[in-house]
**Q** 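I have a structure I would like to understand better, so I am pasting it below and will then ask my questions one at a time.
Note that the numbering runs from 1 along the sequence shown for the chain. As a basis for the values below, the full set of heavy atoms in this structure was taken, side chains included, without hydrogen atoms, waters or symmetry mates.
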Amino acid sequence: MSNKIIIAIDGTSSTGKSTLAKRLAKRLNYLYIDSGAMYRALTFYAIKKNYISKSHFEKNRLIQDLPNILIDFQYNKKNSKYEVHLNNFSVEKHIRSLKVSDLVSQIATIDEFRKEMVKVQHLLGANKGVVMDGRDIGTVVFPNAELKFYLDASLNLRVKRRYKELIDLNHEISLDDVFNNISLRDNQDINRINSPLKKASDSIVIHTDNFTLDELEEKLFSYVTPLILKN
Ligand code: DC
C-alpha cells in the first residue's frame with residue numbers, strides 16, 4: 001500500500017514556497033514541481049514568438065499555437081534536478097528574467113493556457129509523492145491534496161528576498177523594479193477570474209516573516225509526519 005501523499009504549497013510571490021517545497025521533497029524523496037516554471041516557460045515562448053510584450057498581447061495567436069508547445073519536466077543528471085523543458089529544451093536559465101516576470105501573470109490569467117498546464121500537473125501527481133508549489137494547487141489542481149499550506153510574508157521582506165535571489169543570479173535589477181513586479185503580480189494573481197490565488201479553506205496558513213528557513217522546514221515537516229504514518 002502506498003503511503004505517499006500530495007503536498008500543495010500556495011501563496012504570493014517570494015514567500016519561500018519553492019525553497020521549502022524543495023526541502024520537503026528532498027527529505028521525503030518526493031518529486032518537486034514548480035508549477036510557476038510552467039507558466040514562465042509558456043511566457044518565454046510567447047515573448048520569443050513576439051505574441052506578447054509590454055505593449056501588446058496576441059492571445060489568440062498563442063492559443064492557436066498551443067498544439068505546438070510541449071512543456072514538461074525532465075531530469076538533469078548533472079545537477080540531479082527536474083528542470084522545466086519547452087519543446088524538449090531546458091529553459092530554466094531563461095525564465096527568471098524580469099522580462100518574463102513582468103508578463104507571466106498576464107499569460108496566467110487565460111483559461112485555455114491554465115487548462116493545458118493543469119493537465120500536465122495532474123499527470124505529474126497521478127502517483128502521489130509530489131510537492132507542488134504555485135497559486136492554485138490546493139484549490140484547483142489538487143483540491144483533495146492530503147496536505148495544503150498557504151504561505152504569506154510582508155511585501156517588504158518578499159521584495160528584499162527576491163532582489164537578493166536575482167542579484168545572486170547576476171540579473172541587473174533595482175529594488176524598485178522588484179517591488180513593482182511583485183506588487184503587479186500579486187494584484188493580477190489575486191484578482192484574476194480564472195483560478196485566482198486564494199487560501200483553500202483546509203490549508204494551513206504560515207506567515208514566514210519571523211522564522212528562518214530551517215525553522216520553517218521543521219514547522220512544515222511536523223504536519224507531514226502524522227500523515228505519512230497514517231496513510
Ligand atoms: O511561482 P512563480 O512566481 O514563479 O510564478 C510565476 C507566475 O505564474 C505567478 O505570478 C502566477 C503564475 N502562476 C499561476 O498562475 N499558477 C500557478 N500554479 C503557478 C504560477
Side-chain angles (χ1 to χ4, degrees), residues 4-43 71-73 81-85 91-92 95-96 100-101 104-105 107-108 113-114 117-153 157-158 161-162 165-166 169 181-182 185-186 188-190 192 195-200 202-209 211 213-224 227:
K4 292 192 166 178
I5 63 169
I6 291 183
I7 303 176
I9 307 187
D10 290 306
T12 43
S13 302
S14 301
T15 43
K17 297 186 300 294
S18 60
T19 308
L20 290 162
K22 269 183 223 155
R23 284 184 175 215
L24 286 190
K26 191 169 178 200
R27 212 156 148 174
L28 292 160
N29 201 16
Y30 277 19
L31 188 61
Y32 161 61
I33 298 294
D34 170 3
S35 68
M38 301 176 66
Y39 292 94
R40 286 174 178 273
L42 182 59
T43 306
I71 293 173
D72 62 0
F73 290 84
K81 283 183 184 155
Y82 280 88
E83 294 183 339
V84 71
H85 280 61
V91 286
E92 280 289 340
I95 59 171
R96 312 280 162 199
V100 170
S101 299
V104 60
S105 287
I107 296 270
F113 307 146
R114 302 201 68 84
M117 300 301 125
V118 171
K119 272 188 213 162
V120 178
Q121 290 156 10
H122 281 165
L123 286 176
L124 291 163
N127 296 323
K128 301 208 174 187
V130 168
V131 185
M132 195 177 290
D133 78 317
R135 304 294 187 287
D136 60 342
I137 310 305
T139 50
V140 173
V141 184
F142 294 117
N144 297 323
E146 287 81 357
L147 187 55
K148 300 178 188 177
F149 293 107
Y150 185 94
L151 302 191
D152 209 353
L157 190 77
R158 292 190 288 127
R161 277 188 194 149
R162 188 82 190 121
E165 264 170 36
L166 289 168
L169 289 171
N181 174 256
I182 291 194
R185 284 201 291 138
D186 280 356
Q188 284 182 325
D189 295 345
I190 291 166
R192 68 183 177 222
S195 312
L197 167 66
K198 60 179 179 197
K199 292 176 191 131
D202 51 352
S203 63
I204 297 156
V205 180
I206 300 195
H207 293 274
T208 65
D209 278 48
F211 299 99
L213 279 171
D214 287 345
E215 285 167 343
L216 288 164
E217 181 184 332
E218 289 315 314
K219 202 175 175 69
L220 266 59
F221 200 73
S222 70
Y223 291 97
V224 177
L227 287 176

**Q** Working to the nearest 0.5 angstrom, can you tell me the gap between I6 CD1 and L31 CG?
**A** 10.5 Å
**Q** Under the side-chain contact (heavy atoms from CB on, under 4.5 Å) rule, what do N127 and K4 come out as? Steps first, then yes or no, please.
**A** CA-CA 8 Å; N127 296 323; K4 292 192 166 178; over 6 Å; no
**Q** For E92, is there an ion pair with K81 - N to carboxylate O distance below 4.0 angstrom?
**A** no
**Q** Taking only residues two or more places apart in sequence or in another chain, which ones pass side chain to side chain donor-acceptor pair (under 3.5 Å) with D186?
**A** R158
**Q** Let me see the working for K26 and E217 under side-chain contact (heavy atoms from CB on, under 4.5 Å), right down to the final yes or no.
**A** CA-CA 11 Å; K26 191 169 178 200; E217 181 184 332; over 6 Å; no
**Q** Rounded to the nearest 0.5 Å, what separates atom CG in L216 from atom OG1 in T208?
**A** 6.0 Å
**Q** Test salt bridge (charged side-chain N to carboxylate O under 4.0 Å, His left out) on E165 and R96 and set out the steps.
**A** CA-CA 10 Å; E165 264 170 36; R96 312 280 162 199; over 6 Å; no
**Q** Taking the side chain as C-beta and beyond, is there a heavy-atom pair between S35 and V141 under 4.5 Å?
**A** no
**Q** Enter the distance from K22:NZ to D34:CG here, rounded to the nearest 0.5 Å.
**A** 7.5 Å
**Q** Could you measure the distance from the NZ atom of K17 to the CG atom of D152? Nearest 0.5 Å is fine.
**A** 9.5 Å
**Q** Go through the structure and list residues passing side chain to side chain donor-acceptor pair (under 3.5 Å) with R114, not counting sequence neighbours.
**A** Y39, D136
**Q** Please name all residues satisfying side chain to side chain donor-acceptor pair (under 3.5 Å) with Q188, sequence neighbours left out, ordered by chain then number.
**A** none
**Q** List for me each residue that meets side chain to side chain donor-acceptor pair (under 3.5 Å) alongside Y150, sequence neighbours excluded, and say none if there are none.
**A** none
**Q** Do I7 and L220 have side-chain heavy atoms sitting under 4.5 Å apart?
**A** no
**Q** What pairs meet the side chain to side chain donor-acceptor pair (under 3.5 Å) rule with one or both residues in residues 117-126, with sequence neighbours excluded?
**A** E116-K119
**Q** With rounding to the nearest 0.5 Å, note down the distance linking OG in S105 to CD1 in I182.
**A** 10.5 Å
**Q** Suppose the criterion is ring-ring contact (aromatic ring centres under 6.0 Å, His included): which pairs have a residue in residues 10-38, not counting sequence neighbours?
**A** none
**Q** Is there a side-chain contact between L197 and T12 (heavy atoms, below 4.5 Å)?
**A** yes
